Amino acid sequence: MASDLGLVREKVAAARSLAVLTGAGISADSGVPTFRGADGLWRNFRAEDLATPEAFDRDPRLVWEWYNWRRELIATKRPNPAHTAVVEFERRCAQFWLITQNVDGLHRSAGSTKLSEIHGNIWKVRCTVCGVIEDNHDVPIPILPFCRHCKGLLRPHIVWFGESLSGGDLARCSAALRSCDVLLVIGTSGIVYPAAGFASVAKESGAFVAEINPDATPHSGLVDVSLKGRAKEVVPLLL
Ligand code: BV8
Ligand code: ZN
């Protein structure tokens, strides 16, 4: 581990262009449940059951109760040393981009500015009628919430399963992955696409790829180095 850690720290320090991809694991140390971890279920529903346009059409109250539960939980959580280290990478490396699958907003709260929240943000709502997108930090949020412009039903401004990512985000992420010297893959199980394919895009473009995760993942076979450990302990050691 020590030599692997040293190698990754050297690569990060020497990087002309650095990219970071994060998943729920980086927020686990802040107390935010992961999706596949033991604490990932809500009322025995999997995310894939509730985070879909079909589920929202069928029962918007149920979906909003789930998102309200998560907002109430996330509202009490703070960024951890791994989030803070990522902000320091952004400060040190001129060409830097952060790609997060997390909707918890903790990267922004930590101070990250060069980022794509590719699956959206739980503190944003979107009107299903006029399409207006607004910040909303009501905890609890009234169920059901309606648009103050057109009285239309609001939905979380989040990318659900079966929905495409924004073209702008995909283009920005693709540019970062194809031009980075180093990619750090932190706390993701590498199961959900298209994000699960990002590490191989960077690898095929010649980047050095390192994974930080206590467990093995589908990425472990393609990365240059797998640092087995928790994000809050390992990521700050890469500074
Ligand atoms: C799309 C917002 C066009 C919701 C999310 C190709 C093949 C197969 C399937 C597909 C495919 N292409 C598309 C699909 C369908 C689908 C998909 O991938 N399904 C999966 C289940 C197979 N993808 C989509 O629908 C995407 N849209 O492709 O549109 C299209 C449409 C239809 C058909 C074709 C094309 C949209 C995907 C986005 C969905 N929205 N989030 C919400 O949050 O409410 S995804 C959500 O789940 C998260 O954002 C994240 O992306 C994913 C969870 O993964 P992780 O974040 O990695 O979390 P997880 O719990 O799984 O793992 C945590 C990891 O951390 C573990 O490895 C653990 O060991 C580690 N860990 C734990 N503690 C720590 C730690 N690491 C470090 N430190 C610690 N302390
Ligand atoms: Zn509206």
Side-chain angles (χ1 to χ4, degrees), residues 21-42 45-56 63-64 66-71 73-74 80-83 85-86 99-106 116-134 145-167 169-170 184-199 210-220 226-236:
L21 172 65
T22 66
I26 197 170
S27 294
D29 293 324
S30 294
V32 179
T34 64
F35 285 72
R36 256 152 274 283
D39 53 5
L41 288 179
W42 177 76
F45 286 101
R46 293 170 319 133
E48 285 91 336
D49 305 328
L50 292 166
T52 68
E54 296 77 20
F56 191 72
V63 172
W64 262 120
W66 180 49
Y67 278 101
N68 187 55
W69 173 74
R70 290 170 70 190
R71 286 161 61 107
L73 192 148
I74 292 168
N80 66 64
H83 294 105
V86 171
I99 303 168
T100 188
Q101 300 167 76
N102 302 342
V103 299
D104 58 31
L106 291 181
S116 295
E117 295 173 306
I118 61 172
H119 294 160
N121 186 305
I122 206 164
W123 302 114
K124 289 182 185 297
V125 296
R126 183 167 85 235
C127 176
T128 57
V129 176
C130 72
V132 73
I133 296 166
E134 289 185 333
F146 292 95
C147 175
R148 60 197 179 84
H149 307 282
C150 77
K151 301 287 169 272
L153 176 61
L154 293 176
R155 61 164 277 176
H157 182 53
I158 280 180
V159 178
W160 284 334
F161 289 94
E163 295 182 326
S164 301
L165 278 56
S166 87
D169 278 350
L170 281 174
L184 300 179
V185 180
I186 307 171
T188 184
S189 58
I191 291 170
V192 173
Y193 284 81
F198 287 178
E211 176 183 49
I212 294 99
N213 196 311
D215 301 341
T217 74
H219 285 133
S220 305
S226 261
L227 299 174
K228 290 272 179 293
R230 307 184 70 81
K232 82 171 179 186
E233 278 133 28
V234 175
V235 181

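As a basis for the values below, the full set of heavy atoms in this structure was taken, side chains included, without hydrogen atoms, waters or symmetry mates. Fair warning: this is a prediction, and the values are worked out from it, not measured in the lab. Just so you know, ligand 1 is whichever comes first in the structure, and atom 1 is the first atom listed for that ligand.
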Peer 1: Say whether, by atom type as modelled, one donor and one acceptor occur between the side chain of Trp66 and the main chain of Ala51 under 3.5 angstrom.
Peer 2: no
Peer 1: Under a 3.5 Å distance rule, please check whether Thr100 uses its side chain to pair with a backbone N or O of Asn102 as donor and acceptor.
Peer 2: yes
Peer 1: Which heavy-atom pair separates Leu73 from Pro33 by the least distance, and what is that distance?
Peer 2: CD2-CD, 3.5 Å
Peer 1: Short of 2.8 Å from the Zn ion (ligand 2), name each protein N/O/S atom, waters not counted.
Peer 2: Cys127 SG, Cys130 SG, Cys147 SG, Cys150 SG
Peer 1: Is a donor on one side and an acceptor on the other found under 3.5 Å between the side chain of Ser116 and the backbone of Asp169?
Peer 2: no
Peer 1: Heavy-atom contacts with Asp215 under 4.0 Å: which atoms of ligand 1 show up? List them by number with element.
Peer 2: 69 (O)
Peer 1: Out of curiosity, His119 NE2 to Ile158 CD1, how far, rounded to the nearest 0.5 Å?
Peer 2: 10.5 Å
Peer 1: With sequence neighbours left out, write down each residue that passes salt bridge (Lys or Arg N to Asp or Glu O under 4.0 Å) with Lys124, or none if nothing qualifies.
Peer 2: Asp135
Peer 1: Give the atom numbers and elements of ligand 1 that come within less than 4.0 Å of a heavy atom of Ile191.
Peer 2: 20 (C), 22 (C)
Peer 1: How long is the straight-line distance from NE2 of His83 back to NZ of Lys232, given to the nearest 0.5 Å?
Peer 2: 12.0 Å
Peer 1: Going by the order shown, which atoms of ligand 1 are within less than 4.0 Å of some heavy atom of Glu48?
Peer 2: 21 (C)
Peer 1: Taking only non-hydrogen atoms of Ala195, do any sit less than 4.0 angstrom from ligand 1?
Peer 2: no
Peer 1: Please work out, at 4.0 Å between heavy atoms, whether the side chain, the backbone, both, or neither of Val192 comes within that distance of ligand 1.
Peer 2: both
Peer 1: Can you tell me how far CD of Glu117 sits from CD1 of Ile122, rounded to the nearest 0.5 angstrom?
Peer 2: 11.5 Å
Peer 1: Answer yes or no: does an N/O atom from Gln101 fall short of 3.5 Å to an N/O atom of ligand 1?
Peer 2: yes
Peer 1: Any non-hydrogen atom of Arg70 lying under 4.0 Å from ligand 1?
Peer 2: yes
Peer 1: Heavy atoms only: which of Gly25, Ser189, Gly120 is nearest to atom 59 (P) of ligand 1?
Peer 2: Ser189
Peer 1: Quick check on Ala47 - does any of its heavy atoms sit under 4.0 Å from an atom of ligand 1?
Peer 2: no
Peer 1: Before signing off on this row, confirm whether Ala24 and ligand 1 have an N or O atom pair separated by under 3.5 Å.
Peer 2: yes
Peer 1: Answer side chain, backbone, both or neither: which part of Thr188 comes under 4.0 Å from ligand 1, heavy atoms only.
Peer 2: both
Peer 1: Would you indicate which of Phe35, Trp66, Tyr193 comes nearest to atom 10 (C) of ligand 1 when only heavy atoms are counted?
Peer 2: Tyr193
Peer 1: Who are the side chain to side chain contact (heavy atoms under 4.5 Å, CB included) partners of Val132, not counting sequence neighbours?
Peer 2: Cys127, Cys130, Glu134, Cys147, His149
Peer 1: Identify, by atom number and element, the atoms of ligand 1 in contact range of Glu163, meaning under 4.0 Å from any of its heavy atoms.
Peer 2: 1 (C), 26 (C), 27 (N), 29 (O), 36 (C)
Peer 1: Which of the numbered atoms in ligand 1 are below 4.0 angstrom from a heavy atom of Ala28?
Peer 2: 73 (N)
Peer 1: Taking Asn80 for its side chain and Ile26 for its backbone only, find out whether a donor-acceptor pair lies under 3.5 Å.
Peer 2: yes
Peer 1: Can you list the atoms of ligand 1 that are under 4.0 Å from a heavy atom of Ala231?
Peer 2: 77 (C), 78 (N), 79 (C)
Peer 1: Could you tell me, atom by atom, which parts of ligand 1 come under 4.0 Å of a heavy atom of Gly23?
Peer 2: 56 (O)
Peer 1: Out of Ser220, Gly162, Gly190, who gets a non-hydrogen atom closest to atom 31 (C) of ligand 1?
Peer 2: Gly162
Peer 1: Under the salt bridge (Lys or Arg N to Asp or Glu O under 4.0 Å) rule, collect the residues that match up with Arg71, sequence neighbours excluded.
Peer 2: none
Peer 1: Minimum heavy-atom separation for Phe35 to Ala24, with atom names?
Peer 2: CD1-CB, 4.1 Å
Peer 1: For Ile186, run the side-chain contact (heavy atoms from CB on, under 4.5 Å) check against Thr22, Leu227, Val234 and tell me which one passes.
Peer 2: Thr22
Peer 1: When rounded to the nearest 0.5 angstrom, what distance separates CD1 in Ile212 from CZ in Arg230?
Peer 2: 14.0 Å
Peer 1: Do any nitrogen or oxygen atoms of Val159 come within less than 3.5 Å of a nitrogen or oxygen of ligand 1?
Peer 2: yes
Peer 1: Taking Ser30 for the side chain and Val32 for the main chain, is one N or O donor matched with an acceptor at less than 3.5 Å?
Peer 2: no
Peer 1: Just jot down the ligand 1 atoms closer than 4.0 angstrom to any heavy atom of Tyr67, in number order.
Peer 2: 4 (C), 42 (C), 44 (O)
